[in-house]
Protein chains: 2
Amino acid sequence: MTIMAKNNFETIYTTLKARILAGDYSIKMRLPIEDELIAEFDTSRYAVRKAIQKLADEGLVYSVKGRGVVLLEHTPQTQQFNLNLSRTTGLKAMNAGRNLDYQTDVVSFKQIIVDAELSEQTAFEVGIPVYAIQRVRIINGTRAVIDINYFNAQLIPDITPSIAKKSIYDYIQKKLKVKIAVVKRMLRVDTAQTVDTQTLDLENNNCIGNMISISFNDAGRQFEYTESHFIPNEFIFTQLIRN
Amino acid sequence: MTIMAKNNFETIYTTLKARILAGDYSIKMRLPIEDELIAEFDTSRYAVRKAIQKLADEGLVYSVKGRGVVLLEHTPQTQQFNLNLSRTTGLKAMNAGRNLDYQTDVVSFKQIIVDAELSEQTAFEVGIPVYAIQRVRIINGTRAVIDINYFNAQLIPDITPSIAKKSIYDYIQKKLKVKIAVVKRMLRVDTAQTVDTQTLDLENNNCIGNMISISFNDAGRQFEYTESHFIPNEFIFTQLIRN
DNA sequence: GAGTGGTCTAGACCACGGT
DNA sequence: CCGTGGTCTAGACCACTCC
């Protein structure tokens, strides 16, 4: 064997993932045992186990105590279950890969103070100032999504309509250097309300998908509450559940 | 301090979680640093870090290198974002907590051989035998969900209409001793088809939520493909995204 | 009983954040 | 610069699977 650069868990993970996808382990449907991987990569158990953990997080393998690390069956059809496992940006990024034309209309832009009702909805404290923004996302000429954003104006200051027209997420991360640490989401199917039927190209459908997101910075503060109402038949969410 | 039983990471996790939810760390919005936790629980870094990792998996805390472990803000409103983070059983369990009356109608029960078209849909190999089952879930008198199941009959043998009427998941786990290792899901909003409008209590809605699940046993084999079509306004899914 | 992953200990050094 | 979590090493013992 030639001289090999030090293997950290990231390179072990990358190497194993490439091999799995290339089918190198498809006959036994098992990864080599930990001791073999330790020897091959000239590393410690820590690094090997961390790499395997990352593969398991992606739904590629499953560890069984006393047996080994099993590969999960995958076919061309089931590949799509592995995509999109996590994207913090809005629905915009959800169709990355397809070559789509995007356009944004800012239909409403206000700075308001949170009252009791809005606090109940958004979990923002009563009395704080927020930006309330509504934008329509037009994808290939179809009015596909309406984003209803509320940003805590103390944590995300100085948003302008021009920024809203481009990308608020770019502004938050690149300009304000705010780190988007965690996003929690709920997904529902709702009967379309007036705002939806007036704004979206629903055709004959009278329901919408509703993705409700709350986002936290790396100080643990919730800086955003957003509802994204989207038309049927166009968007997919994926979820992985492990036991 | 009194004699303390050996602390494993599970007890550390449980203790910290209880304290977080009780607000014990709400003033600083930080967990104690690792060394303090090691001293308090008389344990190793491994156990402390594993406990913190589990808290982070649930969306309670977020670790920042060089700073510490930050608590994420939580209010009564945002509590529901933390529930349901993983349930392998069908939609049935999704409303646990509410006291609901459940009833199941088996509307179709067949054993068939996978053809090219069904293989394309389910990712099962052409030629293998599967159980094809359709069941309606009636919740408090409302026909709320239609489950369209395909089970690999070689991996899940001897299903009967009587089992389908009760609980196939109970049969799989308790009777067959098959371990449900991983479930991969896709969520969509679809325009209602004939089967949906004829079967579900959609009222004036003409769309459905569609939860598509593929499930794997602990040998890595896909034993199930299921579509659960559900009525609007009644079901919620949650998702956690970390950076 | 042999093989395997899960838990745990006791260290070490590194990378990042804040002062 | 100091304090902090992230990575890594080298061991040990335990719990489970399978023969």
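Residue numbers start from 1 in every chain, and the chains themselves are labelled A, B, ... in the order their sequence lines are given, proteins ahead of strands.
For A:Ser44, taking side-chain heavy atoms from C-beta onward, the closest of the listed nucleotides C:dT9, D:dT9, C:dT7 is D:dT9.
Look at A:Lys50 and you'll find a side-chain N or O under 4.0 angstrom from OP1 or OP2 of D:dT7. Distances shown here put a side-chain N or O of A:Thr43 below 4.0 Å from the OP1 or OP2 atom of D:dT9.
Listed by chain and number, the residues in a salt bridge (Lys or Arg N to Asp or Glu O under 4.0 Å) with B:Arg188 are B:Asp190 (sequence neighbours excluded). Residues satisfying the side-chain contact (heavy atoms from CB on, under 4.5 Å) test with A:Arg45, not counting sequence neighbours, are A:Glu34, A:Ile38, A:Arg49. A:Lys110 is linked by a side-chain contact (heavy atoms from CB on, under 4.5 Å) to A:Ser108, A:Ile112, counting only residues two or more places apart in sequence or in another chain. Legend: residues meeting side-chain contact (heavy atoms from CB on, under 4.5 Å) with B:Ile33, ordered by chain and number and at least two apart, are B:Asp35, B:Glu36.
Using a 30° and 60° split on the angle between ring planes, A:Tyr225 and A:Tyr150 fall in the tilted class, from 30° to 60°. Ring orientation note: the planes of A:Phe109 and A:Tyr131 are tilted relative to one another, at an angle of 30° to 60°. Ring planes of B:Phe235 and B:Phe230: perpendicular class, angle over 60° (limits at 30 and 60°).
With a 3.5 Å limit on both pairing distances and Watson-Crick or G-U wobble geometry required, the stems of 3 or more pairs in DNA chain C span C:1-18 with D:1-18.
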Between the protein and nucleotides 3-5 of chain C, list every N/O to N/O distance that falls short of 3.5 Å.
residue, atom, partner, partner atom, Å
C:dG3, N2, A:Gly66, O, 3.0
C:dT4, O2, A:Gly66, N, 3.4
C:dG5, OP2, A:Glu34, N, 3.1

